[in-house]
Amino acid sequence: MNKKDIENIISKIQKENKAYSKKSLLDPMVFSGGVIGRQNEAEQFIRFLLGYKQGFVVPLISVYGRSGAGKSTLVRFVLENLDVEFCFVNLRKAKTVFGCANLILSELGASPIKSAQGINMVVQQIGDVLENILVTKKLNFFIIVLDEADVLFYDKRGKPSDFVYKLTVLEENLRTKGYLLCVVMISNSALYDYDLDDRVRSRIGSSEVFFEPYKKEDVLKILHARAKDAFKIKIDDSILEHCAYLSSLGHGDARRAIDLLRVAAQVASIKGEKISKTHIDMAQDELQQDRIEKVISSASFHFRLVCGALARVTFLTDSEWHSTSTIFKQYSKILPKDTKILSYRRISELLSDLENTGLVISQTGSRGRHGYGTQYKLAVSPEMIGRNVDDKWWKTIVEAKISHLASSSGTTFPAPNSGMLKHLRKTLEETNRMTWENYVGL
Ligand SMILES: Nc1ncnc2c1ncn2[C@@H]1O[C@H](COP(=O)(O)OP(=O)(O)OP(=O)(O)O)[C@@H](O)[C@H]1O
Ligand SMILES: [Mg+2]
């Protein structure tokens, strides 16, 4: 490669970029300058906060809703436009309760504390720093936003409930000194649903702001606003609609919609084509594959098994919806013999976590004589999940299904050739000895 080649690459990319007037608007991390809709949520939130003018404010506010529902965007936008002092901490960067506490401390401008000094020390330090800020700035009200607060509850050993309680005690201590503190916790599930003790529950009371998932029309409005300023030419309504439709199949996710549009525009411009529905579909495949890889590669062993269990039963039975008990049974079936089984309750928690990744959709409803229950469905193809959980394992499942279909339709299934994996042949032999129902394990 020489200098000329680099120049050619640059001019090619510049040509591709000609379609955009402000490409950064296709990055969901970039704030577009305004919030579309969400008036009710904003009003509820502001009502909780403005109590400080009457000398009373709730200690904890739980802001919750699905991914991409606009929670972080709206909370930040409201606070930036209210005359209040706040600190916005994204806990995603932390791994433990102690790490979260230290992150709050460093966002408040103080140095982190060594873990040997214990959580009480960090909370006390947070209190001291807050008091100092309030005294220096001559204020009597402060807001701490804990975004992605779900992280706290992953660290069961770190006693998350106790930590939240400590924050409320901190608020009480500050109140005796004439200062008000409000902690806003943003999460995917209601704070009330996490494993909290009654001391904390009673303090949350009814101070919750729920963000309904967006409907397709809401996502479309958000897309319209971004596309109008991001591209030089007008993007066809039908294309934006297709984008809004795909990103609202599970639950309306504005982030996913913006990502889809960006990747589709990129695919189209590299090919030198005008953006079309086909590019949106290609972008959808690419993003789904990325998301699956990201979720599964960072997942715990049992989480992967739950993904595998749902993929397996979906693929083998060709039915989409499966109850928690069916998935639990599948999970027990594929669990290695020497591994301790997780409880039914834990598996249902993992299923909720899985739903929050967007790979799975749930519905709760009547199941006739079986009463009410939650059912789950994959939002992506079982093959994509299965292959990512464990490629070799997934092959055995595919072969078993082919073998079953072939034998039930009377065609002989070709014997595995010599190149095929040994364990694959073993599974097939096992399958042949079992009834299909036994193999599926329902
Ligand atoms: N009402 C809205 N108006 C304009 N843009 C929005 C709106 N809602 C969401 N967006 C855009 O969608 C993207 C995702 O929104 P946001 O990060 O606020 O979601 P979230 O609810 O915090 O999701 P998560 O639970 O995954 O953190 C952002 O780029 C944001 O700018
Ligand atoms: Mg967020």
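Keep in mind that the numbers below use all heavy atoms, side chains included, and drop hydrogens, waters and symmetry copies. We count residues from 1, following the sequence as given. Both ligands and their constituent atoms are indexed starting at 1 by order of listing.
- Less than 4.0 angstrom separates some heavy atom of P28 from each of these atoms of ligand 1: 28 (C), 29 (O).
- Ionic pairing of E41 and K71 is not present here: no N-O contact between side-chain nitrogen and carboxylate oxygen is shorter than 4.0 angstrom.
- Scanning N356, V219, I258 for the heavy atom closest to atom 11 (C) of ligand 1 points to I258.
- Between Y194 and F153, the two ring planes are parallel [angle under 30°; tilted spans 30° to 60°].
- Among the atoms of A69, some N or O lies under 3.5 angstrom from an N or O of ligand 1.
- Residue, atom and distance of the protein heavy atom nearest to atom 10 (N) of ligand 1 are A254 CB, 4.0 Å.
- The nearest heavy-atom contact from the protein to atom 5 (N) of ligand 1 is I222 CG2, 3.8 Å.
- With ring centers used as reference points, F210 lies under 6.0 Å from Y64.
- Protein heavy atom at the shortest distance from atom 22 (O) of ligand 1 is S72 OG, 2.7 Å.
- At a 3.5 angstrom cut-off on N or O pairs, F31 does not count as close to ligand 1.
- For the pair V123 and F163, the minimum side-chain heavy-atom distance is below 4.5 Å.
- Atom 3 (N) of ligand 1 has I36 N, 2.8 Å as its closest protein atom, hydrogens excluded (heavy atom only).
- With respect to atom 23 (O) of ligand 1, the closest heavy atom belonging to the protein is G68 N, 2.8 Å.
- Heavy-atom proximity to atom 9 (C) of ligand 1, evaluated over S67, G70, G65, is greatest for G70.
- Within ligand 1, the atoms closer than 4.0 Å to a non-hydrogen atom of Y214 are 1 (N), 2 (C), 7 (C), 8 (N), 9 (C), numbered from 1 in the order shown.
- Of all protein heavy atoms, the one lying nearest to atom 25 (O) of ligand 1 is K71 NZ, 2.7 Å.
- Ring geometry for F328 against Y331 counts as tilted: the plane angle lies between 30° and 60°, on a 0 to 90° scale.
- Remark: ligand 1 atoms within the under-4.0 Å shell around heavy atoms of R66 are 21 (O).
- Among the atoms of S72, an N, O or S atom falls under 2.8 Å from the Mg ion (ligand 2).
- Taking a cutoff of 4.0 Å between a charged side-chain nitrogen and a carboxylate oxygen, R47 and E43 qualify as a salt bridge.
- Ring orientation note: the planes of F31 and F77 are tilted relative to one another, at an angle of 30° to 60°.
- If you number the atoms of ligand 1 from 1 as listed, the ones under 4.0 Å from a heavy atom of G34 come out as 4 (C).
- Residues E80 and F86 have side chains in contact (heavy-atom distance under 4.5 Å, counting atoms from C-beta outward).
- The protein atom (non-hydrogen) at minimum distance from atom 17 (O) of ligand 1 is R255 NH2, 2.9 Å.
- Annotation: cation-pi pair R201/Y192 present, NZ/CZ under 6.0 Å from the ring centroid and within 45° of its normal.
- Ion pairing of D259 with R262 is present here, as a side-chain N (NZ or NE/NH1/NH2) and a carboxylate O approach within less than 4.0 Å.
- Ion pairing between a basic and an acidic side chain is recognised when a charged N comes within 4.0 Å of a carboxylate O; E171 and R175 show such pairing.
- Between D236 and K277 no salt bridge is recorded (no basic side-chain N to carboxylate O distance below 4.0 Å).
- Looking only at heavy atoms of the protein, atom 15 (O) of ligand 1 is closest to T73 OG1, 3.5 Å.
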| request: Verify salt bridge (Lys or Arg N to Asp or Glu O under 4.0 Å) between K159 and D197, making sure each step is shown before the conclusion. | output: CA-CA 11 Å; K159 301 193 187 136; D197 54 54; over 6 Å; no
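- Those atoms of ligand 1 that come under 4.0 Å of a heavy atom in E148, given as number and element, are 27 (O).
- Near N188, the atoms of ligand 1 lying under 4.0 angstrom from a non-hydrogen atom of the residue are 25 (O).
- Contacts with ligand 1 closer than 4.0 Å are made by no heavy atom of V30, backbone or side chain.
- Considering backbone and side-chain atoms alike, R226 places an N or O below 3.5 Å from some N or O of ligand 1.
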